[in-house]
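Values reported hereafter were calculated over all heavy atoms of this structure, with side chains retained and with hydrogens, waters and symmetry mates removed. In listed order, ligands and their atoms are each counted from 1.
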Amino acid sequence: MELDALLDKLKMEHLEAQLDTLCEQAAQRELDYKTFLAEALRLEWQGRFQRGIEARLRQSRFPWNKTLEQFDFDFQPSLDRRQVRELAGLSFVERAHNVVILGPPGVGKTHLAVALGVKAVEAGYSVLFHTLESLMTRLNRAQHENRLDATLKQLTYPKLLILDELGYLPLTHHEASLFFRLVVRRYERGSLIVTSNKSFLDWGEVFNDQVLATAILDRLLHHATTLNVKGESYRLKEKRRAGLLGRPKPADDGAETHEETEEEMPMPT
Ligand code: ADP
Ligand code: MG
């Protein structure tokens, strides 16, 4: 069999595409057989690995791709960058621990959640992103179509599940109990990153039930890191710079204007 056909049969398309260049370089560098073989196989493996990352990034359904390198920690001094770097090491994913990111609109909660998610994808983990709204739509539909159990099961497969924007929309009691079932299923099996604009004290209101909220928090926080982002909205920074808004009040705790809250409402799916 010819080399091309062999590469084709073995599905070594990355090697096939770069074979001529690789052989030329090997000749120039006078590589021995073993080194050449290792380089050829490494090239194929790298191509496959990269393609795997791209496929898992698509499956993750991130609203956009943001990285930790793009995050300006100087702008958000309330955030402990060492703690974030430690999370980026992903041992929390390995141990099925959780991360809760709290803070007002625009401080970078989704950015941080997505950035950790991207790191997890690059490390080979399966990741899924949902806003609370898209999660509830999915669970409600599944229940309506009599396949709630299968959907809950699917939602336990990703090693990391990101649930963004808890607290913007109050949940019905029924939705809260669906959320509880999901948290119970994933407890100590897979990690959750939850972002919320509401402090834990307000979760009773969000879930429409104090007892359920306590039970959810109990499992969520048993093994968890909480990041409290207290700073100013990054989105408003640009507007302030352009002179479109007044300066923040000295005691500004990050609470945003009504206008900004509405900007937050569109749910990326
Ligand atoms: P939140 O989810 O807290 O409402 P986002 O994560 O959506 O905020 O951030 C709003 C926008 O500002 C996004 O485009 C995000 O990338 C950007 N952003 C927020 N904080 C920072 C930061 N510290 N450095 C760089 N970009 C930031
Ligand atoms: Mg957000």
Side-chain angles (χ1 to χ4, degrees), residues 57 60-88 92 98-122 127-138 160-171 179 191-203 206-207 220 224-245 247-249 252-269:
L57 272 178
S60 305
R61 302 207 234 142
F62 294 128
W64 20 257
N65 270 13
K66 287 280 162 98
T67 62
L68 279 185
E69 290 68 31
Q70 291 168 313
F71 194 84
D72 179 3
F73 284 92
D74 291 335
F75 183 75
Q76 224 51 273
S78 68
L79 204 57
D80 180 350
R81 68 178 83 192
R82 257 198 348 221
Q83 202 178 18
V84 178
R85 295 258 150 77
E86 167 138 7
L87 290 172
F92 79 99
N98 302 323
V99 179
V100 183
I101 309 176
L102 302 177
V107 293
K109 299 183 298 299
T110 305
H111 185 137
L112 288 169
V114 168
L116 290 172
V118 169
K119 281 259 182 280
V121 165
E122 286 170 354
V127 180
L128 182 65
F129 179 101
H130 263 299
T131 61
L132 244 287
E133 195 193 28
S134 68
L135 174 79
M136 285 309 156
T137 305
R138 181 165 171 186
L160 171 62
L161 178 63
I162 300 175
L163 300 178
D164 196 27
E165 304 188 337
L166 178 97
Y168 283 101
L169 300 173
L171 303 180
F179 187 90
S191 298
L192 280 170
I193 296 183
V194 177
T195 81
S196 180
N197 62 330
K198 294 275 180 3
S199 76
F200 293 134
L201 287 175
D202 296 329
W203 283 30
V206 172
F207 288 109
L220 191 65
T225 303
T226 301
L227 301 178
N228 247 307
V229 198
K230 297 202 183 90
E232 201 199 337
S233 163
Y234 197 82
R235 294 194 194 103
L236 292 193
K237 177 188 85 155
E238 296 302 322
K239 291 187 188 170
R240 282 212 171 89
R241 271 211 184 137
L244 295 174
L245 293 163
R247 305 232 51 88
K249 294 189 290 288
D252 194 350
D253 63 358
E256 299 301 341
T257 60
H258 183 63
E259 178 206 22
E260 182 60 15
T261 309
E262 287 199 337
E263 260 185 45
E264 274 300 297
M265 295 303 279
M267 305 289 173
T269 47

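- Note: an N/O pair closer than 3.5 Å links G108 and ligand 1 by distance alone.
- Of the listed residues (K237, R235, Q76, K109), the one carrying the non-hydrogen atom nearest atom 3 (O) of ligand 1 is K109.
- For a threshold of 3.5 Å applied to N or O pairs, the pair formed by D72 and ligand 1 contains at least one separation below that value.
- Ligand 1 has a nitrogen or oxygen under 3.5 angstrom from a nitrogen or oxygen of H111.
- For the atom pair N228 CG and D80 CG, the distance stands at 12.0 Å (nearest 0.5 Å).
- Between L112 and V99 the shortest side-chain heavy-atom distance does not fall below 4.5 Å.
- Environment of CD in E86: sparse, with no more than 12 heavy atoms of neighbouring residues, nucleotides or ligands closer than 6.0 Å.
- A 4.5 Å side-chain heavy-atom check between H130 and R61 finds at least one atom pair inside the cut-off.
- Ligand 1 has an N or O atom lying under 3.5 Å from an N or O atom of V107, backbone or side chain.
- Contact annotation: G103 has no heavy atom less than 4.0 Å from any atom of ligand 1.
- Residue-level proximity to ligand 1 for F71 is carried by backbone and side chain together, each with a heavy atom below 4.0 angstrom.
- In Q70, the part holding a heavy atom less than 4.0 Å from any atom of ligand 1 is the backbone.
- In this view, S196 and L102, L166, K198, W203 satisfy the side chain to side chain contact (heavy atoms under 4.5 Å, CB included) rule, not counting sequence neighbours.
- The side-chain heavy atoms of I162 and V114, taken from C-beta on, include no pair separated by under 4.5 Å.
- Near P105, the atoms of ligand 1 lying under 4.0 angstrom from a non-hydrogen atom of the residue are 4 (O).
- Annotation: side chain of V84 is in contact with side chain of F73 (closest heavy-atom distance under 4.5 Å).
- To the nearest 0.5 Å, atoms CG (L116) and NE2 (H111) are separated by 9.5 Å.
- Under 2.8 Å from the Mg ion (ligand 2) lies an N/O/S atom of T110, whether from backbone or side chain.
- Within ligand 1, counting atoms from 1 as listed, the ones closer than 4.0 Å to a heavy atom of K66 are 13 (C), 14 (O), 15 (C), 16 (O).
- Where the criterion is an N or O separation shorter than 3.5 Å, residue side chain and backbone included, F73 fails it with respect to ligand 1.
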